[in-house]
Structure formats: C-alpha cells, structure tokens
Engineer: 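First the structure, then my questions, so here it is.
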Amino acid sequence: MLIDSIYPKSFASDNHAGVHPAVLDAMTAANDGDAPAYGGDRWTENFERQVKEVFGGEAEGFAVFNGAGANMVGLALMLGRYDAVICPETAHIATHETGAAERLLGVKLITVPTEDGKLRPHHITSRLGVLGLPHEPQPRVVSVSQVTELGTCYSPDELAALARVAHDSGMRLHVDGARLANAAAYLECDLRTITTDAGVDVFSFGGTKNGALAAEAVVVLDPSLAHAVPFLQRQSLQLASKMRYVSAQLSALLTDELWRRNAAHANAMAARLAAGIEGLPGVSLAYPPQSNAVFAALPKNAAAALLGRYLFHHWDEDAGVVRWMTAFDTTPEQVDDFLVDIRKAVGA
C-alpha cells in the first residue's frame with residue numbers, strides 16, 4: 001500500500017518522515033572518493049569530536065545503524081550472564097524489539113508497571129530484594145526511554161534521582177534515547193543536561209526519527225566501558241564498513257543544533273494537534289503531550305473513519321486510545337487539515 005497515493009499525511013510514526021535536506025547533503029559530501037572503512041575516516045573522526053563537545057570530554061560516541069542495535073550494544077556493555085535489567089513494562093526493549101535482549105544478550109527484563117511510562121526510584125528499590133540470591137537474576141542495569149513510549153519526558157532531576165538509586169545499589173543507568181532530541185527540545189535544555197550531568201552511564205542518541213536516514217549512536221559516559229564497544233558493534237552486526245555515511249548523518253544533526261530545530265518543530269506540531277482537539281466531544285488526551293506524540297481517546301467509529309484517510313496506530317483499542325506522531329517535516333497545514341477531519345469524524 002503506497003502512502004502517498006492514498007493518504008494525505010501519515011501520523012503513524014516519525015519513522016515515516018523523509019530525510020532532512022542537510023542530512024542528505026552531508027551524505028553526498030561524504031560520497032567523495034575513497035575513505036578507510038569501519039570508522040577510520042574523517043567524517044567519523046569529526047562525529048566523535050562533536051560527541052565530546054556536546055556531552056563532555058570523557059564521552060565516547062559510536063555510530064550504529066538502528067535504535068534496537070544501539071540498545072543491544074549499550075546494554076551488553078554493562079551486563080553479565082546472570083544479570084537483569086529493570087525497566088518500565090512499556091519500554092521499547094520490552095515490547096517492540098522482539099525479545100532481542102533476552103535472545104541476544106541472554107538477560108532477564110524485570111518490567112515494572114507505571115502510570116505514565118516513567119520509572120521512579122521506588123520502582124527500582126522494590127525490585128532489589130533479590131540482590132545476592134543465587135536463585136534469582138541480578139539487577140545490574142536500570143533502563144529508561146527518553147522520551148518514554150507514552151510520549152512523556154523525564155526532567156533532569158528525575159533522571160538524576162534514578163541514577164543515584166541505581167549507583168547506590170551497584171547498578172548503572174541506561175537511556176534509550178531514540179527521541180532524546182525531542183525531550184531536550186521540550187525541556188528547553190541541552191543534551192548534556194539530561195545525560196552526562198544527570199548521571200547516565202550509557203545512552204543511545206537517536207537520529208533516524210529526527211531527520212536521518214539510518215543513523216543512531218551509542219554514547220558511553222563511563223570510561224571503563226568504552227573499550228568494548230567496537231567488539232560488541234561487530235558481534236551485534238552494528239559495525240558499518242562504510243561508516244562515513246552513518247557518521248556524516250549524525251554529524252549533520254549535531255552541527256548548529258539541527259537536532260534541536262527538527263525536534264522542536266515536531267514537538268510544536270504535536271502541541272498544535274493536541275490544542276486543536278481540546279474540547280471536542282468524546283475526545284480527550286490520554287497522556288500529557290510532552291514531545292512529538294499525541295495519545296488521544298476518541299470514539300471507535302471516529303477512529304475507524306479517520307483510518308480511512310490517515311495512517312496512525314491504535315495504542316489501546318479497548319480504551320479507544322490512538323497515537324498520532326508528528327515529525328520534522330510535518331507542516332501546520334497538514335495538522336490543520338487533519339483537525340478538520342477529526343472534527344468531522346466526531347461530529348463537531
């Protein structure tokens with residue numbers, strides 16, 4: 001089914017968006033003759049330098065292909081054979097990566113129910129009674145998503161609190177940062193504030209959902225871990241031979257904060273959409289819109305009517321909750337046209 005031949009605009013995922021022109025230009029510029037493989041090129045060197053500038057001198061950045069791969073490499077750095085990861089039950093690693101952590105890393109995911117997708121310190125401490133018991137997998141990593149799968153954001157203080165309880169318990173903090181840029185844009189802070197300064201040990205920096213073609217990064221803030229990344233990249237099929245094309249994309253996003261401009265625009269379009277449905281009959285927000293995601297509860301007949309013209313996902317069919325995503329290239333006109341059809345669908 002071809003989206004552009006049937007649907008005026010997809011609100012299903014920011015993965016449906018195209019590639020930002022500046023990112024394409026960067027890839028074109030990298031397509032200049034020969035260059036050493038596997039990261040021995042000047043584009044990768046430039047990206048690695050930018051990571052240190054943005055996240056601090058001890059930060060080490062590694063370019064990979066996709067978000068699930070970034071998560072597996074990052075988690076593998078911190079986990080042993082009998083270890084476990086504490087994460088929200090809605091976490092991407094627990095729900096949308098086909099059991100990759102269990103299958104590839106051989107670890108246990110200890111999932112915790114949350115109301116808004118966010119872990120709190122008491123969620124972590126409630127799962128630590130098994131420490132030291134040889135009959136139980138040992139919690140070694142706390143993993144959270146920023147932005148969460150429910151579109152909510154952790155504040156710097158909330159992340160720092162998680163880091164403290166993790167470190168005090170001999171664990172490390174991992175952040176799935178597929179939409180890290182959207183969180184920083186919403187919080188009006190820099191990327192370092194919600195990573196390095198908050199006590200995060202390892203995180204992914206997402207590019208694909210924010211204007212890149214196929215580019216994510218694993219960023220390691222604990223110097224004792226970074227040496228193992230190249231080996232795990234190779235073992236996890238995440239080491240690009242022509243890495244210059246991946247690194248060039250990430251470098252473009254980090255140049256002049258293109259990541260922020262893209263994410264802030266996507267967030268603004270979601271805020272426009274959320275404001276537009278306010279007060280419509282039978283329509284309510286399921287979660288506060290804090291990123292480029294809008295979770296709305298609406299009548300099932302209205303959702304069915306809208307799905308005839310637009311792509312989006314049911315999040316909870318029983319509750320009538322759908323998810324609408326915006327992207328760096330979503331226009332105000334597209335949002336407004338969608339709102340016209342939403343109003344028609346609910347009889348407003």
Side-chain angles (χ1 to χ4, degrees), residues 14-15 17-30 42-64 67 70 145-148 151-156 159 175-198 200 202-221 243-272 289-293 325-332:
D14 37 14
N15 280 326
V19 179
H20 192 280
V23 175
L24 281 177
D25 288 345
M27 293 182 70
T28 300
R42 59 187 174 91
W43 293 272
T44 299
E45 181 181 355
N46 185 55
F47 158 65
E48 292 171 349
R49 175 185 56 78
Q50 288 175 299
V51 166
K52 291 183 177 296
E53 291 174 353
V54 172
F55 299 105
E58 291 190 330
E60 299 284 349
F62 302 87
V64 297
S145 301
Q146 178 78 304
V147 176
T148 75
T152 52
C153 294
Y154 290 91
S155 70
L159 286 170
V175 172
D176 177 345
R179 296 186 178 94
L180 190 72
N182 299 89
Y186 170 76
L187 296 166
E188 297 183 340
C189 67
D190 57 26
L191 292 168
R192 177 171 176 146
T193 299
I194 51 174
T195 52
T196 312
D197 295 345
V200 175
V202 177
F203 66 94
S204 62
F205 173 61
T208 309
K209 293 178 170 64
N210 197 32
L213 173 63
E216 312 284 313
V218 178
V219 180
V220 181
L221 299 175
M243 192 180 289
R244 56 175 154 159
Y245 297 102
V246 184
S247 299
Q249 296 177 67
L250 295 166
S251 184
L253 290 174
L254 290 172
T255 299
D256 298 327
E257 291 198 332
L258 176 60
W259 64 265
R260 183 185 298 277
R261 298 197 300 276
N262 286 354
H265 177 79
N267 289 1
M269 293 301 97
R272 186 185 188 98
Q290 297 179 347
S291 57
N292 62 324
M325 298 291 302
T326 54
F328 79 91
D329 60 352
T330 304
T331 67

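In this chain, numbering begins with 1 at the start of the sequence shown. Computed from heavy atoms alone, side chains included, the values below leave out hydrogens, waters and symmetry copies.
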Engineer: Is a side-chain N or O of S204 found less than 3.5 angstrom from the main chain of G177, in a donor-acceptor match?
Structural biologist: yes
Engineer: Would you check if the side chain of K209 reaches a backbone N or O of N15 as a donor-acceptor pair within less than 3.5 Å?
Structural biologist: no
Engineer: Can you name the nearest heavy-atom pair linking C189 to I194, along with the distance?
Structural biologist: SG-CG2, 3.8 Å
Engineer: List the residues meeting ring pair (Phe, Tyr, Trp, His ring centres under 6.0 Å) with F328, not counting sequence neighbours, and say none if there are none.
Structural biologist: H20
Engineer: Would a distance-only check, ignoring hydrogens and angles, find a side-chain to backbone donor-acceptor pair under 3.5 Å from T148 to S145?
Structural biologist: no
Engineer: Distance from D329 atom CG to M269 atom CE, nearest 0.5 Å?
Structural biologist: 11.0 Å
Engineer: Taking atom CD of E58 as the centre, report whether more than 12 heavy atoms of other residues, nucleotides or ligands fall under 6.0 Å from it.
Structural biologist: no
Engineer: Hey, could you give me the OG1/CG distance between T255 and N46, rounded to the nearest 0.5 Å?
Structural biologist: 6.5 Å
Engineer: Strictly distance-based, threshold 3.5 Å: is any side-chain N or O of Q290 a donor or acceptor partner for the main-chain N or O of A183?
Structural biologist: no
Engineer: With a 4.5 Å cut-off on side-chain heavy atoms, are L187 and P156 touching?
Structural biologist: yes
Engineer: If every non-hydrogen atom of L250 is compared with every non-hydrogen atom of A217, which pair is closest and at what distance?
Structural biologist: CD1-CB, 4.0 Å
Engineer: Less than 4.5 Å apart, side chain to side chain, heavy atoms only: is that true for T193 and L191?
Structural biologist: no
Engineer: Can you give me the closest heavy-atom contact between L213 and Q249, atom names plus distance?
Structural biologist: N-OE1, 2.6 Å
Engineer: Identify which one of D14, N262, N267 satisfies the side chain to side chain donor-acceptor pair (under 3.5 Å) criterion when paired with N292.
Structural biologist: D14
Engineer: Of all the heavy-atom pairs spanning L180 and T195, show the shortest one and how long it is.
Structural biologist: CD2-CG2, 3.9 Å
Engineer: Go through V147 and T152 one step at a time and tell me if the side chain to side chain contact (heavy atoms under 4.5 Å, CB included) criterion holds.
Structural biologist: CA-CA 6 Å; V147 176; T152 52; 5.6 Å; no
Engineer: Do V219 and F62 have side-chain heavy atoms sitting under 4.5 Å apart?
Structural biologist: no
Engineer: Just checking F47 against F205, ring centres under 6.0 Å apart?
Structural biologist: no
Engineer: Calculate, to the nearest 0.5 Å, the distance between atoms CH2 and CD belonging to W259 and E257 respectively.
Structural biologist: 5.0 Å
Engineer: To the nearest 0.5 angstrom, please state how far the CG atom of N210 sits from the CZ atom of R261.
Structural biologist: 10.5 Å
Engineer: What's the spacing between S247 OG and E45 CD if we round to 0.5 Å?
Structural biologist: 11.0 Å
Engineer: Should D190 and R260 count as side-chain neighbours, where that means a heavy-atom distance under 4.5 Å?
Structural biologist: yes
Engineer: With D176, which residues qualify under salt bridge (Lys or Arg N to Asp or Glu O under 4.0 Å), at least two apart?
Structural biologist: none
Engineer: Taking A30's backbone N and O only, do any of them form a donor-acceptor pair with R244's side chain (distance below 3.5 Å, no angle check)?
Structural biologist: yes
Engineer: Verify, without hydrogens or angle tests, whether T330 (side chain) and T326 (backbone) share a donor-acceptor contact under 3.5 angstrom.
Structural biologist: no
Engineer: Could you go through the side chain to side chain contact (heavy atoms under 4.5 Å, CB included) check for V202 and V218 one step at a time?
Structural biologist: CA-CA 7 Å; V202 177; V218 178; 4.2 Å; yes
Engineer: I'd like to check R179 versus S291 (side-chain heavy atoms, cut-off strictly below 4.5 Å). Are they in contact?
Structural biologist: no
